[in-house]
Amino acid sequence: MSNFIGMDDEDEEDDEDEDEDEYIESSVEVGATSPFTGLKLDPFDPKPLMKPRPSKYFPEEYENKLSAVPDDELVQTMSAEERAENLKVMRQISKNDLPLLQDKRDHAGYMEANQDLKRRIAKDPWFGVNERLRDAVQFGKSEEEIKKLRDLMEKLGGPPGDVEIGWRGYAEQIDIYKYEMSAVAKAMRLENAIRKDRSAQGRARMEERKRNEEKEKEQYEEDMRFPGLRREREAKVRREAFLERIGGILEEDRKKTEERAKEILGKLPETEDDMIRSSIDQARTDLLKLKKQRGGSAAVEGDEATTSAASGKKGSSAQKAREAAAAEASGGRPRLPGDKDVTRGELGDMELDPSSSTDTGPLTVEVSSVYNKEQSDPPMRKHCFQYTIRITNNSSTDTIQLLGRRFEIQTVGSSMKDVVQGEGVTGRQPILKPGEVFEYTSTAPLSVRPIGTTIIAARMRGEYRYVTLAPEQETATDDQVKSGGDASAELGTFHFIFPEDQRVIPFKRTEDEVDEDDDEEDDDDDSVAVKKPEASKPSSAAKPKSPASSLPGDDDMKNGDIVGKLDDSSDTTNENVRVQVSSSYRPERSDSALDKHCFAYNIRITNDSEQSIQLVSRRFEIQTIGSPNKDVVQGPGVTGRQPILKPGESFEYTSTAPLSVKPMEKTPVVARMQGEYNFVQLGEDGSTPLSSTPLQAKLGVFHFVLPALEGV
């Protein structure tokens, strides 16, 4: 039975093969031909002839399709907002919808979305003209035709939305749809940039080599004409090399001698120059003290900074006299030389922590600080901070009594530290048994101005003196209190940090400004970045004479009929020093109901000369609207510093001008400001002034303008 059944299956398969052979033979006998070419169709050909699709490779159909509307009849029927919205939908379809439908294998949806994309492209004729321009550029069409297409693109409103035209004159697909660049494309672009940079460096080296060869050739010809000059030049080179070698040997011997003298004597002996400087400093200090005793006013701090830079000796009598004068000027409170980084306002990469925790012996001293907004008055440069201190006795057996405290506080920009010390803590001398904690909160009212180089207002550290009580002792004895205890616990360094709304944001160049200065977008090595040079020691150059505190004002500011432009900025260059200023209104620090208006102004000083310079002083003239006089503000340095600017370097700082003035309805101007900066030129060593007479760089006239009245 099984064999019979199997034989039937084989017979059925044979019948099917015969039917297929008959169908193939009948198809071949029909002899079908292609309706497009007239050629006979081969049923066994896996790639039969098909009608070609219209494209740019078949110019007749492609040009007929694009030229359905003549160029002179093409018009833009969409507004700028409609074009931007249309571009937004096109990007959504191209970047999101089509890939998603393709992943889902939704063929009908994909075709519908693709048709919608084509309709939107056709709706804005700019895209079609952009594609024609791309083909014209790539296929090398004439300049006349390319210019015609570019003019047509401008006629149609230019690129829609944020589409950017590349250097070729048209927009690529990646520019239109904002496709993300692939890793391969990024690598290729980086490689091209590196290759371009290397090529530029190679050309520069070749040019330099060519110049050197020409110079050597000219030198050789001159030597051949004048043999004596060659011998003289070679002798000069030998003399300079010899003097340089001898100078290095002498300098090394001098350093060894100084180290030997310091090792034997403990200090370096005073030279004749040092003795003269010390005598001058002592005479200046005595004169200041004499003026103060007679009731005269003297700028002790400013003179102190100058004499300190001149003497440079911490243990001299002049230094002690200056410290005594500074302590007397601060109301008897002792002062110490401050940290240079806080004075300059340049703390580098230091961690700025508003709290600290320090373990010393059995005690742990923790502190945290916050800004007290209620007790602060920023327009008057009064900032109050609140700090909480927690002292823990970690000993399991000893009882400790706190006897006194000593704090060192230095505000930013100040060259001195204030020392606060006294007996007890908050008027008490608390006793801490094993495991007990003593906690208290205090405030630190500071008179300080925020600066753009740091966010801190002050730095604070200190110590607590204590005594360990005997097992049966209840409190410290009088002798223990007088001696100040037998140990001290450290209060670790912490900072008072301005909140975000009180910080000064430094001025920065925009990318457009950098591009204009460099004239080359991709030559990063030649870009000159604006930087703040390190502050140097104050110069001993002569100070300008102090003018009166007020001057007669301008008539137009007095009556409110302002003459000229109402510029809130200026840009002036004098003596090859460029001074730029821009001002802005600070509503958070102003109160119009009380006629208090605060402005911030940012100043950038650039050395465009070929010599290093040092700023030594400033002088400003400010006249408020309606006032008949100008107020004169002057002082040494800039923000407490006297920076040195090398050729091409810049110095920036931001300051505030709290004004108490009632605006006029006829003008938005509330004040006018101008001034000057005094500076000295330095020698080749970058520190020695070439002259004691300072030069002046003008701060051009600008106005403080209320934003609410700018349209008046």
Side-chain angles (χ1 to χ4, degrees), residues 204 208 211 305-306 309-310 344-346 451-453 506-510 512-520 523-545 547 567 569-582 601-621 633-655 673-702:
E208 184 178 1
R211 288 194 300 269
T306 305
R344 298 173 179 175
E346 299 171 352
I451 62 177
T453 56
F507 181 89
K508 294 182 179 179
R509 279 187 175 179
T510 61
D512 295 337
E513 289 177 332
V514 175
D515 292 341
E516 290 175 3
D517 290 341
D518 297 342
D519 290 333
E520 296 212 11
D523 192 358
D524 295 338
D525 291 339
D526 293 337
S527 64
V528 181
V530 178
K531 66 177 182 178
K532 295 184 179 180
E534 295 183 358
S536 64
K537 296 182 179 179
S539 171
S540 59
K543 296 183 179 180
K545 296 181 180 179
D567 289 334
S569 62
S570 69
D571 189 345
T572 310
T573 301
N574 291 100
E575 301 290 346
N576 292 324
V577 177
R578 184 181 182 185
V579 181
Q580 300 169 273
V581 60
S582 60
Y601 58 96
N602 182 277
I603 293 181
R604 176 171 57 187
I605 304 171
T606 305
N607 180 12
D608 291 334
S609 67
E610 297 180 355
Q611 287 181 310
S612 298
I613 64 173
Q614 183 175 20
L615 299 176
V616 294
S617 63
R618 69 193 185 281
R619 180 182 179 275
F620 298 152
E621 298 177 6
V633 179
Q634 62 182 359
V638 182
T639 65
R641 291 175 283 175
Q642 293 179 325
I644 291 178
L645 302 182
K646 297 179 180 179
E649 287 188 344
S650 298
F651 177 79
E652 295 181 16
Y653 73 96
T654 299
S655 185
M673 180 171 171
Q674 60 187 346
E676 60 193 24
Y677 291 90
N678 294 298
F679 65 95
V680 293
Q681 294 180 335
L682 304 180
E684 296 181 356
D685 59 352
S687 60
T688 303
L690 297 179
S691 174
S692 61
T693 303
L695 304 176
Q696 290 184 351
K698 297 293 184 182
L699 171 64
V701 177
F702 69 101

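Scanning all heavy atoms of the two residues, the minimum distance from P647 to S609 falls at CB-O, 3.3 Å. The two residues K698 and T572 make their nearest non-hydrogen contact at O-CB, 3.7 Å. The nearest pair of heavy atoms linking D685 to T688 is OD2-OG1, 2.6 Å. Taking all atoms of both residues into account, the shortest heavy-atom contact from V680 to P689 is CG2-CB, 4.4 Å. Smallest separation of non-hydrogen atoms from L645 and N607: O-ND2, 3.0 Å. Residues G700 and S570 share a closest heavy-atom pair of O-OG, 3.2 Å.
Looking only at distances, no side-chain donor or acceptor of T606 sits under 3.5 Å from a matching main-chain atom of D608. The main-chain N or O of S569 is never found under 3.5 Å from a side-chain atom of D567 such that the two would form a donor-acceptor pair. Here the side chain of N678 pairs no donor or acceptor atom with the backbone of P694 at under 3.5 angstrom. In terms of modelled atom types and a separation under 3.5 Å, the side chain of Q614 and the main chain of Q642 share a donor-acceptor contact. A donor-acceptor contact shorter than 3.5 Å links the side chain of R618 to the backbone of P636.
Annotation: the span from S617 atom OG to E676 atom CD amounts to 8.0 Å, rounded to 0.5 Å. Taken from CD1 in I613 to NZ in K646, the straight-line distance is 13.5 Å, to the nearest 0.5 Å. To the nearest 0.5 Å, atom CZ of residue F702 and atom CD of residue Q674 are 9.5 Å apart. Taken to the nearest 0.5 Å, the OG atom of S582 stands 8.5 Å off from the CZ atom of R604. Within the model, atoms CZ of R578 and OG1 of T573 stand 6.0 Å from one another, a figure rounded to the nearest 0.5 Å.
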Derivation of the side-chain contact (heavy atoms from CB on, under 4.5 Å) call for M673 and L699: CA-CA 9 Å; M673 180 171 171; L699 171 64; 4.3 Å; yes
Evaluation steps, side-chain contact (heavy atoms from CB on, under 4.5 Å), between Y677 and V577: CA-CA 10 Å; Y677 291 90; V577 177; over 6 Å; no
CA sep, side-chain torsions, deciding dist, call: Q696, N574, side-chain contact (heavy atoms from CB on, under 4.5 Å): CA-CA 7 Å; Q696 290 184 351; N574 291 100; over 6 Å; no
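For Y653 and Y601, the ring centers are positioned 6.0 Å apart or more.
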